[in-house]
Protein chains: 4
Amino acid sequence: MAEILRHATEVFCEKGYEGASMRDLSRATGMSLAGLYYYFESKEKLLYLIQKHTFRTVVDTLRQRLAGVRDPEQRIRIFIHNHLEYFLANSEAMSVLSHEDDVLRGAAGAEIAAIKREYYRICVGLVADWKRGGSVKSGAANGGRRHANDAEIRIAVLSLFGMMNWIYTWHRPRTDGDAGALARQMGDIFLYGLSASNGRGTTKRRKRWANRTAAH
Amino acid sequence: MAEILRHATEVFCEKGYEGASMRDLSRATGMSLAGLYYYFESKEKLLYLIQKHTFRTVVDTLRQRLAGVRDPEQRIRIFIHNHLEYFLANSEAMSVLSHEDDVLRGAAGAEIAAIKREYYRICVGLVADWKRGGSVKSGAANGGRRHANDAEIRIAVLSLFGMMNWIYTWHRPRTDGDAGALARQMGDIFLYGLSASNGRGTTKRRKRWANRTAAH
Amino acid sequence: MAEILRHATEVFCEKGYEGASMRDLSRATGMSLAGLYYYFESKEKLLYLIQKHTFRTVVDTLRQRLAGVRDPEQRIRIFIHNHLEYFLANSEAMSVLSHEDDVLRGAAGAEIAAIKREYYRICVGLVADWKRGGSVKSGAANGGRRHANDAEIRIAVLSLFGMMNWIYTWHRPRTDGDAGALARQMGDIFLYGLSASNGRGTTKRRKRWANRTAAH
Amino acid sequence: MAEILRHATEVFCEKGYEGASMRDLSRATGMSLAGLYYYFESKEKLLYLIQKHTFRTVVDTLRQRLAGVRDPEQRIRIFIHNHLEYFLANSEAMSVLSHEDDVLRGAAGAEIAAIKREYYRICVGLVADWKRGGSVKSGAANGGRRHANDAEIRIAVLSLFGMMNWIYTWHRPRTDGDAGALARQMGDIFLYGLSASNGRGTTKRRKRWANRTAAH
DNA sequence: GATGAATGAGGTTTCATTCAT
DNA sequence: TATGAATGAAACCTCATTCAT
């Protein structure tokens, strides 16, 4: 039952997986303790379902939004925007998702890990594309340079994940803006660094992107 | 006892604060359950001590390393390096530190929050300096530019924290390199973005930094 | 469950509230430790329920027995008899009731205190009536006597409570007789003092009472 | 150490024997936990010492005060006064004494029980004397009546103890008067009953007593 | 004399879970 | 489909007590 999952997500978010008791969930959902067990065979399974549903939604939405967009930068920006949008709209779910990483054991854990890997791979692909694209754009200046190192990309992607996932730690809707604004800033930092928001010669690029995303 | 704190940190890291039981800690430290309570009046107090000690160490070491260094970029790189170095060397402690953010209530919680704020403020200062300094370097081209927006800096700093703190999630010593390597990459990303590791015109800056840090 | 309450009462009586552990109660009732907590949210709540039930029963039974009886002396004797009867039949409950006076905090404590006050007030009323009535009976000889002092009545009533409540300390069913016999003796002492059982001029009164209570 | 015993008495009184922990005692006395064990081999022994000291004092003082007084009524009044005086002056000690009746096991328990029995016997003697004396005074009216029954005396004495010991439950120094006043009232009730304070023909006796105690 | 350090046993309470209905 | 009743295990913590110093 989606209703139950939603409430459970909230509770897991507030108290953490270990900290949330089945009684808490029972109270939050209005369903009896035993009733919960009719639907979900264990607390762990509940977490599994939440994580699976959340992550699948993120990945699937992402794929839809990426479809048809070719520009490497825009694709990365879409990735970030998609992530943050979902994150902020379902911050509870994402918090659970991020935190309770290693709770699930066995098959369930493997399945979740698989979805996460899929998501990660998509991002790696986007970054690799951008890097390849970048070398084209920047033309001969990039001359005989080696291809973007896998290890470098890995670090970059995981850094990006860190930026985005850490948000649940500090985001205040009032002052920090919505997913759009945050995505732009984080995208700038990820792609061009602090200088991006600084006028250190990235103005043109940002303009270009702004134009693009306006159409988005 | 430092010995006990070290073991406790490990256990908290492995299982999380809620997930770790005092019995676990007892087993890990080799001290009796009651013995633990002789030294630490409660599980919460234990967490408090760990967090306090860890964070204070980080902040104090940072201040020492910053002392005498004037160059804004270098100062930011020192910040990152310091953070990651401690993070990787004491990944357990940092994990506990990062995660169990809202467990502590009352005075203890406030004290920890204060140290964290202090740390955060230092970083904000570094970034603001860099941004000011940047306008000088980039010369007249930056002419009538507005001052770096506080909100922008906030987002940037918190993004940096995210990058760095998320590490405990993915870092594999074998393949991901040490604090020095990671700090360089994350510094690049933070300051110049993906392009940094890409040869997109940041080469010179990186060289300069590399020279400096060689001396460091 | 009444069954559980009864067993719990016994245990509280034997070991006192502090001395009785939930494990003891679990053993005595045959119910699992966790089972107890299913019914009673805490040890304190258990004590509250026992005290409430016991005291209410005493007060309610007393009111029924007083209904319809007009003679002031008889009413006092009924009070004593009712108290002792319940006390001896449920000596455990009464012991708990009497002793664990200040354990309960907050609302629960207030509620119990209220019932006790109600009980006390009834007794005060009976004694005041008897004293008023007494002056009538003893006729003109008592002429300009002052009204019975509130303070005096208070001391008298509390002394009576002492006599009766202390019983759990020494009563041996074999040698000390049943509630009826004890009530008669304590009533005599309370109303006429040692002299009563002594033939010091109280014989007539006692005879009268004996006749009345025979019908009772 | 008397100092320690005094503090311990206070704590036992406030929290009861079971409820008071050795740590509480340590805190109250300012002596280390282990230090307490240097002086008293166990918590139980501590209780034993308190009870022994308290009871011995009561009994010995009583004997001194009874010495030389011959009038049976006065002797009883002295008993009551002595008891209440000590009780009110050392209400904590007496509370502990009264409550923790059955905690002590073995030799210690037997010793305390012996002192208590001694005390009880004294009172029984006083009452028996009074009754014998009384039958003489009341003259022929008492005709061929049997001697005061042992069982009757037992109940009477224990009732008196109840009256007196229950005091810790309700006594408020401000409104309830001091040991002298209370002893007079309780003496009246015990000897002559409610009527005593009522003017129901006991006035003369009370006057007599008043004269006697004035000399006391 | 007196204590800091340490402990095994046991305290109250809550946990995830089951099962008859 | 859903639940009230019940449980074994384990949670955090405190107990009276000991012992080397």
Side-chain angles (χ1 to χ4, degrees), chain A residues 1 4 8 15 17-27 29-47 103, chain B residues 1 3-4 15 17-27 29-47 103, chain C residues 1 3-4 15 17-27 29-47 103, chain D residues 1 4 8 15 17-27 29-47 103:
Chain A
M1 235 169 181
I4 295 177
K15 312 198 161 189
Y17 175 75
E18 301 275 4
S21 77
M22 289 299 279
R23 256 181 186 77
D24 291 334
L25 300 178
S26 164
R27 230 169 282 141
T29 57
M31 169 166 287
S32 78
L33 209 43
L36 287 178
Y37 279 89
Y38 178 75
Y39 289 107
F40 312 99
E41 67 199 45
S42 74
K43 188 183 170 189
E44 202 174 318
K45 193 65 173 264
L46 232 172
L47 177 61
V103 172
Chain B
M1 230 168 185
E3 178 76 2
I4 295 176
K15 312 201 163 191
Y17 175 73
E18 301 274 3
S21 78
M22 288 300 277
R23 263 184 182 79
D24 292 333
L25 300 179
S26 163
R27 234 168 280 141
T29 56
M31 169 167 287
S32 76
L33 207 41
L36 285 180
Y37 280 92
Y38 179 75
Y39 289 107
F40 313 100
E41 66 200 44
S42 73
K43 189 182 170 189
E44 199 173 318
K45 192 66 174 263
L46 230 172
L47 177 61
V103 172
Chain C
M1 230 168 181
E3 177 78 1
I4 295 176
K15 312 199 163 190
Y17 175 74
E18 301 275 3
S21 78
M22 290 299 278
R23 269 184 176 84
D24 292 333
L25 299 180
S26 164
R27 235 167 280 140
T29 56
M31 170 166 286
S32 76
L33 209 42
L36 285 180
Y37 278 90
Y38 180 74
Y39 289 107
F40 313 99
E41 65 200 44
S42 73
K43 189 182 170 188
E44 198 174 319
K45 192 66 174 261
L46 230 173
L47 176 62
V103 171
Chain D
M1 235 167 183
I4 295 177
K15 312 198 162 189
Y17 175 75
E18 300 277 2
S21 77
M22 289 299 279
R23 256 182 185 77
D24 291 333
L25 300 179
S26 163
R27 233 168 282 141
T29 57
M31 169 167 287
S32 80
L33 209 43
L36 287 180
Y37 279 90
Y38 178 75
Y39 289 107
F40 313 98
E41 66 200 45
S42 74
K43 188 183 171 188
E44 202 173 316
K45 193 64 174 263
L46 232 171
L47 178 61
V103 171

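Residue numbers begin at 1 in each chain, while the letters A, B, ... track the order of the sequences.
- Computed from coordinates, the D:F40 CZ to E:dG1 P distance equals 13 Å when rounded to whole Å.
- Nearest-nucleotide positions on DNA chain E for D:G30 and B:M31 put D:G30 closer to the 5' end.
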Inset, instruction - Give the B/S/- string for nucleotides 11-18 of chain E, one per nucleotide from 5' to 3', where a protein heavy atom under 4.0 Å of the base yields B, of only the sugar-phosphate yields S, and otherwise -. - result: BBBBBBBB

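- Applying the side-chain contact (heavy atoms from CB on, under 4.5 Å) test to B:S32 and every residue at least two apart in sequence or in another chain returns B:A34.
- Note that CG of A:L36 is 6.5 Å distant from CG of A:L25, once rounded to the nearest 0.5 Å.
- Remark: C:Y37 pairs with C:M22 by the side-chain contact (heavy atoms from CB on, under 4.5 Å) rule, at least two apart or across chains.
- Evaluation of the side-chain contact (heavy atoms from CB on, under 4.5 Å) rule for C:Y17 yields C:F12, C:K43, C:E44, C:L47, C:E100, C:V103 as partners, not counting sequence neighbours.
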Legend entry - Secondary structure of DNA chain F in dot-bracket form (Watson-Crick or G-U wobble, distances below 3.5 Å, | marking inter-strand pairs): .||||||||||||||||||||

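- Every residue meeting the side-chain contact (heavy atoms from CB on, under 4.5 Å) condition with B:E3, not counting sequence neighbours, appears here in chain and number order: B:R6, B:H7.
- For the pair D:K15 NZ and F:dT14 P, the computed distance is 12 Å after rounding to whole Å.
- One interatomic measurement links the two molecules: CG of B:L36 to P of F:dA11, which rounds to 13 Å at whole-angstrom precision.
- A distance of 8.0 Å separates CZ in C:F40 from CE in C:M31, rounded to the nearest 0.5 Å.
- When all heavy atoms are compared, the tightest approach of C:S26 to C:L33 is OG-N, 3.5 Å.
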